[in-house]
Every structure is written in C-alpha cells, then in structure tokens.
Amino acid sequence: MRNWWMGTMAAVLAAAPALAQRGAMTNDPYIWLEDKDGAKPLAWVEAENAKTLPRLQNDPRYATFYKEALAIAAAKDRIPMPAQMFGRIYNFWRDADHPQGIWRWTSEADYAAPAPHWTTTLDLDALSKAEGKKWVWKGATCLEPEERLCLVALSEGGEDAVTYREFDLAAGQFVAGGFTLPKSKQGAEWLDKDTLLVSRDWGAGTMTASSYPFVVKTVKRGAPLEAATEVYRGQPTDQLGTYAGVITDGQGHRLVTIMRRTTFFGGETYIWTPAGTRKLDLPARTFPAGMVDGQVLFQTSDPWGSVPAGAIASVPLADVEAGRLNPTILFAPTPRQSVDEVVATRNHVVLIYNDNVRGRASVYTHGMGGWSAKPIALPDNASLGVASADDKSDHGYLTVTGFLTPTTLLPLDAAAATAARPVKTLPAKFDATGLVVEQHEATSTDGTKVPYFVVHKQGIPLDGTTPTIMTAYGGFELPMLPSYSGVTGKLWLERGGSYVLANIRGGGEFGPAWHDAGRKTKRQVIYDDFASVAKDLIARQPTSPAKLGIYGGSNGGLLMGVEFNQHPDLWKAVTIQVPLLDMIRYEQIAAGASWVDEYGSVANPDEKAFLETISPYQNIKKGVAYPEPYIWTTTKDDRVGPQHARKFAARLKEYGLPYLFYEDTAGGHSGDADIEQGARLQALQMTYFAQKLLGPATPTR
C-alpha cells in the first residue's frame, strides 16, 4: 500500500506561496522587510549577519561545535534508513563525500550485512554541478509493481516548491521526453504508467489565497500540460487546496481519492472513477489512512458515530464505493494515548501509538470475526516508528530510539507480530555515562497536568546551577517524543548541560483533545503550559532563570516569541528559529493564510482581539529587561518566510533592545540544503547558549 495520506500531508506542509502584499498596515514601519528577495531587505540582512556572525564564530567554542556537529551529520556509520520497493532496499544518503546526497539501492539480503554494497541511482551533487543548480532531495513517488518508474521531487536551494521529473529505476536515468512538472507548489500521483493525477499551478485562478493548488487534472504521457483534463476543482477560499491519492492493498484492491482541504485540519473526501467523483459522508477531520484485505482504514480527529476522536476504524471497500459508511473500530485510545502511525503491510495493520508519551506497537489482523490485535514486544520508555513497510509483503522495519538510546532498526514480521534482533544500530554519538532521564509533571494555570522529560547528569546539585536548554512545539497536533540526538548529546550534555522536552498542549501527545485545547482563542494555555513547566523545573532547583535557555522553531518559534514577551524573567537565553512572530499580518505572509484553522484570523473580531494579546512582534515593549535573543531564519523559507524574524529584530533594534539576528541564504524552512548548513546552524545556536549559560570561553594556553 502507498501511505498516500502521509505523503500528501508532507507535500502540503512543504508547499508555500510567494509573498502577498495586500492589506499592508500603514502603521507598520517594517513592512518593507516583507519583500523577501528585495535588494533593500537583503542589504539589511547582510548588515545584520555581519554583526552577528563575528560575535558567534569568533568564539573559540564555535569551531569545535561546528567540527563535532559536522562529524555527526557526515558520519558514514549512521543507519541507512530503508525504503522497500521492487524487491530492493532504497535509501537517500548524505555524508562528507555526498553533501547534497545520493539515491541508492541494495538487495534486501545484502542490506542486513554490516557493510552493504550500494548502487547509486541518482547523484544530486553531480546533477547540481551539471545543471548549475543546488538541487535538494524532496522524495520520490513510484509506480508499482509492473513498472519501475518514479517521479523524483527536486527543490532548488531547499524551497518547498518542487520540480517533478520522471526517473526510470531500471535504466538508472531520467526518462527522455518523460513526465516533467515544472516548479510549483504541487502534488502528483500515478494513476497508471501513462497517466498522472496532478494538482499544481495551472495558471491564473487555480491556486488558493495561500497558494496551494485546488484543481486536479489528469496528465497524459507525451501530452503538454495545457492538454491536461480537469477531474475536480475545489475553491480558491480553501486553505490547503485539493490533492488526489491512490490507496492499494496486497490483494490488488484500489481506491482513488480526492481530498479537498477546506481548512488545515478538515475538509471533504471524494472517491474518483473515470465516471466522476462521489463525496463520502465523513466528519471533516476523518480521513482515509490505508487499506488491508479490502478494508479501508480511517483515522479520526472528530467523533464519527460510535467511533471516538483519535481512533482508527475500517469500512469494507465495497461499502465505501457504494457510500455506505458503517465503521468498525480497530483502536480507540484512552485519554493519555494517541495514534502515532498506522501502516498497512500485505495482510496486516501495524499501529504505533503513544501511552503517556511512551511508544507502543500492535499488529491488527482482519478475519471472519472482525479485527484481532497482538502487541509487539519492544523496549519500554522509548519512541517507536515504522521505518519501512508496504503491501507487497508482511515484512518491514521498525525503529526504536530514546534520549540516551541510539536508534536501532529491527526487522518486523507482521504475520507473527514480532520484531527480531536489531539489524542496524547507530553507534553512540556521545558519552552517556552517568546521564539519567526523568519524567515529571507540572501543573498548568488551569490545573492540567503537563508532562515533561529531563535529561541530566546523575547527582547534579539542586542549587539552580545546572545550565539547561528547554524546548517544545505545542501546535498542529504534532507530538514531541523522546529521540536520540547526537548533536545535543555531544555539544551540550557532555559539557554538563541539561536538556528538557515539554509535552505541552497544542501538540498531539494525547490526541486531538490535547491539540484542540489550545487552538485559536484558547491558545494561551499552550504558553501557560510551557511557563508552568519552567516554573516547576526551577522549583525542583536543578536550574534557575540565570541558567535556563529555551529554543523552538516554526510554530515553536512563535512559542519562543510569546515566552520572550510574557515571561522575560524566566530565561537567560531564547533562540527563535524560522518563526511566526507577526500574528496580525501572518495571513499575508508566505503560507500564513493556510493556518487560520490553528491560529484564528484577524477577519474574526474575537480572534483578532486574542491575536493582538499574544503576537510577539506587536507586544515588544520599551524598557523591559528582556534576555538577549538569538533569532535565525533562512531566505529560501517559502513556508513561514523570513519576514517575521526580520521585523521582530528590527523592532528590537528600534527600541534599543539587545538581540542577535542571522539569516542563512539557503535551505528552506528546514535549513536542509546540505549537511554543512545544518552543522553551521547547530554550531551557531550552541555557541549562543554557551555564551549565555556557560559563560565566557576558557582561554587556551
């Protein structure tokens, strides 16, 4: 089965529009910084970088941090995560010899060997050199089983907009005269070897206000895009546009769907045949998630009859096609559980879920009596994931990871509901001797218990002296789970620092209810949760405001901006990464209009009034003793955009408040143009934390 829903959401979250200047506020003196690629704003960026980089890079610790971060990112002993396809194992790989990466394959038998023999399929470094562009890998959509054709998604410099190019895996090259979809925010799915279902910019009037495609067309091999045939049209007012998907199972069943995303989290689901489309009678936040044995799986974020929110249910394919939707529950979570992944193999469903922020896994099997479940025995106190599985077999791979446990890859036998001994294990990237992990709960302002993890040296003094960095996300129903970070361990924990992960509301740690508790005008609880965790941590006394730093990116960058404003006395250091910060104009910047379902809109008086109370850019005040923040972003970010970070820094400068600002020129929203960029960004941030929380560098002799 193709887990098209996850792929579509990845494409949707990766897509973003160009800057829209409509509705400019006349009382905003820094509106000119919203011209993302304009000469004047870029000159301002260059001047700011010229002040910030010497401050950080001239610190003798920077060179060491950079060297260590680069060594971890470029190491050849990392796990080559598998993608099962055509009886082979495929992998996209970056290292010191391939900073932009290679797409490669090996046999399934050889993959288990300590040193598999890999055959390179596509070399992005060589392609970039040949074509004079910095191509960044954004994945591939492949046609199975009879053809070995793929649509490779390439981004120039890391932007979210991509170009699709048809690649022949058997021949190991791009198809001459094959499918090519020029740069756009777009999605494409194989209908058959000569037909694609494509959503993209087809010209005027085919993109939403936030620049997502809402027109789906079939594109035929050899025909120009102008000859594509429209099969469905959403509306320009939709927040996330419209995309097609193909769901298959191991028995040969197929369902073609069209998802119209009227809001970020909800929309309409249609099934499509050459005869046309039919809308399914589903709650707005219930979507197809796969198919096994002719049973279509659905994941819910709204109640659906007797099916609660946050559950997995199924409906026979024949009933779906006939419009008879009487769901059967596979999994219904408790209040402290949440679904993380649902993946189909040939005959089974693998479910990864979280129980009080700890990973669990079970295999579900459909039979004459309905669904039965078997738990998979795996380590406790860890995060789990499906690294690879498809509907061609019942074999796949699982990952197990934790704060101090290097990631391991285990072969999965879904038929037996067992995971064998690890086939790959990441070597330790830092010395974890004497480190411990604790889980605590803080009480938020409304009495809600908010869990958080702390990683630190055993036996640290409870006198507030331990340098500590703390992070969270708190949005979009995305959970923050324990994971192994070689960079955090090497650059921070080894040097005596402590690390804190807060599982605040707005995320998905406890399912849709945990997320919904902090949406729109209820959002202040997210920020109260984070501050409550910090206060609980300080009360326990491993750290203190003078030794506490915080960081977060994107929506987490908004979190940092709010905490910077609302609780300047709680932190000594605040890193604000690729952030949203102007919440009054966010709908006019990059993909902002698509996030109204999360944040609310200034067009709604109540939501505008709330946004005015939290918007970091508008709530900076003169004369307040703020910590000196480090704000970083990227010019190529066409999702959130660098505009927020620029304007925030400019306002701080206007008020005579201290700050550091850095804008990298490549890498998109994720800062992933190549491994060097990632190491540079990590080293700059850690140098800032060292300066603020560890003190001046010790002079060398």
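All residue numbers in this chain count up from 1 along the given sequence.
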### Message
Closer than 4.0 angstrom, basic N to acidic O: yes or no for E268 and K279?
### Response
yes
### L409 side, atom CG; L398 side, atom CG - distance, nearest 0.5 Å
8.0 Å
#### Entry: Residues in side-chain contact (heavy atoms from CB on, under 4.5 Å) contact with P327, at least two apart in sequence or another chain
W304, V307, A313, V315
### Query
Any side-chain heavy-atom pair from I352 and R360 closer than 4.5 angstrom?
no
### Query
Any side-chain heavy atom of S362 sitting closer than 4.5 Å to one from Y353?
yes
### Query
Considering all heavy atoms of both residues, which atom of Y164 and which atom of G187 are nearest to each other, and what is their separation?
OH-CA, 4.0 Å
### Task
Indicate the atoms forming the closest heavy-atom contact of P99 with A96, along with that distance.
CD-O, 3.8 Å
### Message
Please determine whether side-chain contact (heavy atoms from CB on, under 4.5 Å) holds for the pair V363 and I376, giving the CA-CA distance in whole Å, both sets of side-chain angles, and the decisive distance to 0.1 Å.
### Response
CA-CA 7 Å; V363 170; I376 304 174; 3.6 Å; yes
### Query
Can you check whether T257 reaches Y243 side chain to side chain, under 4.5 Å on heavy atoms?
no
### Message
Looking at K36 and T635, would you say the former's side chain and the latter's main chain have a donor-acceptor pair under 3.5 Å?
### Response
yes
### F287/F298 aromatic ring centres below 6.0 Å
no
### Task
Mind checking the CG-CD spacing from D249 to Q251? Nearest 0.5 Å is all I need.
4.5 Å
### Task
Could you tell me if the ring centre of F476 sits under 6.0 Å from that of F264?
yes
### Query
At their closest point, which heavy atom of A244 faces which heavy atom of E189, and how far apart are they?
O-CB, 4.1 Å
### Query
Are K134 and D674 within salt-bridge range, i.e. N to O under 4.0 Å?
yes
### Query
Counting distance only, does the side-chain N/O of Q84 pair as donor-acceptor with the main-chain N or O of H395 below 3.5 Å?
yes
#### Entry: Residues which pass side-chain hydrogen bond (donor to acceptor under 3.5 Å, both in side chains) with T208, listed by chain and number, not counting sequence neighbours
S210
#### Entry: Close side-chain approach of L154 to V162, heavy-atom, < 4.5 Å
no
### Query
M207 versus P236: any side-chain heavy-atom pair under 4.5 Å?
no
#### Entry: Results of side-chain contact (heavy atoms from CB on, under 4.5 Å) for S128 - residues two or more places apart only
Q100, W135
### Task
For E598 and H515, test the side chains for any donor-to-acceptor distance below 3.5 angstrom and give the result as yes or no.
yes
### Task
Would you name the heavy atoms of P82 and Y111 that are closest together and state the gap between them?
CD-OH, 3.4 Å
### Message
Any donor-acceptor pair under 3.5 Å linking the side-chain atoms of D391 with those of T248?
### Response
yes
### Task
Please indicate whether D77 has more than 12 foreign heavy atoms, meaning atoms of other residues, nucleotides or ligands, lying under 6.0 Å from its CG.
yes
#### Entry: Partner residues of H366 under the ring pair (Phe, Tyr, Trp, His ring centres under 6.0 Å) criterion, sequence neighbours left out
W371
### Message
How close do P479 and D340 get, counting heavy atoms only, and between which atoms?
### Response
CG-OD1, 4.2 Å
### Task
Run the salt-bridge test on D394 and R346 with the 4.0 Å N-O cut-off and return the result as yes or no.
no
#### Entry: side-chain contact (heavy atoms from CB on, under 4.5 Å) assessment of L124 paired with I102
CA-CA 6 Å; L124 287 198; I102 53 174; over 6 Å; no
### Query
Is the side chain of T120 donor-acceptor paired with the backbone N or O of L122 at a distance under 3.5 Å, no angle test?
no
### Task
Check for a donor-acceptor pair, side chain of D390 on one end and backbone N or O of K392 on the other, with a separation under 3.5 Å.
yes
### Message
So, using ring pair (Phe, Tyr, Trp, His ring centres under 6.0 Å) as the criterion, who are the partners of H348 when residues are at least two apart?
### Response
none
### Task
For G310 and V339, work out which heavy atoms get closest and say how close.
O-CG2, 3.5 Å
### Task
Would you check if L169 and M85 make a side-chain contact, meaning some heavy-atom pair closer than 4.5 Å?
yes
### Message
Once salt bridge (Lys or Arg N to Asp or Glu O under 4.0 Å) is applied, do any residues pair with D637, and if so which ones, sequence neighbours excluded?
### Response
none
#### Entry: Lys/Arg N to Asp/Glu carboxylate O, K636 vs E156, below 4.0 Å
no
### Task
Show your reasoning for whether side-chain contact (heavy atoms from CB on, under 4.5 Å) applies to D168 and L149.
CA-CA 5 Å; D168 185 336; L149 300 175; 4.2 Å; yes
### Query
Between atom CE of M259 and atom OG of S199, what is the distance when rounded to the nearest 0.5 Å?
12.0 Å
### Query
Does a side-chain N-to-carboxylate-O contact under 4.0 Å join R165 and E131?
yes
### Query
How long is the span from the CG atom in D110 to the CH2 atom in W105, to the nearest 0.5 Å?
9.5 Å
### Query
Can you name the side-chain hydrogen bond (donor to acceptor under 3.5 Å, both in side chains) partners of T407, sequence neighbours left out?
T401
#### Entry: side-chain contact (heavy atoms from CB on, under 4.5 Å) partners of T263, counting only residues at least two apart
Q239, D597
#### Entry: Any side-chain heavy-atom pair of I312 and L351 under 4.5 Å
yes
#### Entry: Trace of the side-chain contact (heavy atoms from CB on, under 4.5 Å) decision for D293 with N347
CA-CA 6 Å; D293 191 30; N347 299 295; over 6 Å; no
### Query
Can you check salt bridge (Lys or Arg N to Asp or Glu O under 4.0 Å) on D123 and R104, steps first, answer last?
CA-CA 9 Å; D123 185 329; R104 58 186 190 169; over 6 Å; no
List, one per line, each side-chain donor-acceptor pair under 3.5 Å for residues 172-184, sequence neighbours excluded.
{"residue": "K183", "atom": "NZ", "partner": "E159", "partner atom": "OE1", "Å": "2.7"}
{"residue": "S184", "atom": "OG", "partner": "D201", "partner atom": "N", "Å": "3.2"}

### Task
Answer yes or no: is there a side-chain heavy-atom contact under 4.5 Å between W190 and L151?
yes
## Note on the structure
Separation between OG1 (T269) and CZ (R261), nearest 0.5 Å, reads 8.5 Å
### Task
For this output row, return yes or no: ring centroids of W103 and Y90 closer than 6.0 angstrom.
yes
### Task
Let me know which of D238, T242, T277 forms a side-chain hydrogen bond (donor to acceptor under 3.5 Å, both in side chains) with R260.
D238
#### Entry: ring pair (Phe, Tyr, Trp, His ring centres under 6.0 Å) partners of F214, counting only residues at least two apart
none
### Message
I'd like to know if the side chain of N91 reaches the main chain of M81, judged simply by a donor and an acceptor atom lying under 3.5 Å from each other, with no hydrogens or angles considered.
### Response
yes
### side-chain hydrogen bond (donor to acceptor under 3.5 Å, both in side chains) against K424, all qualifying residues, sequence neighbours excluded
none
### Query
Rounded to the nearest 0.5 Å, what separation is found between the CZ atom of R88 and the CD atom of E108?
11.0 Å
### Task
Can you sort out the partners of T218 under side-chain contact (heavy atoms from CB on, under 4.5 Å), two or more places apart, ordered by chain and number?
T195, L197, T229, V231
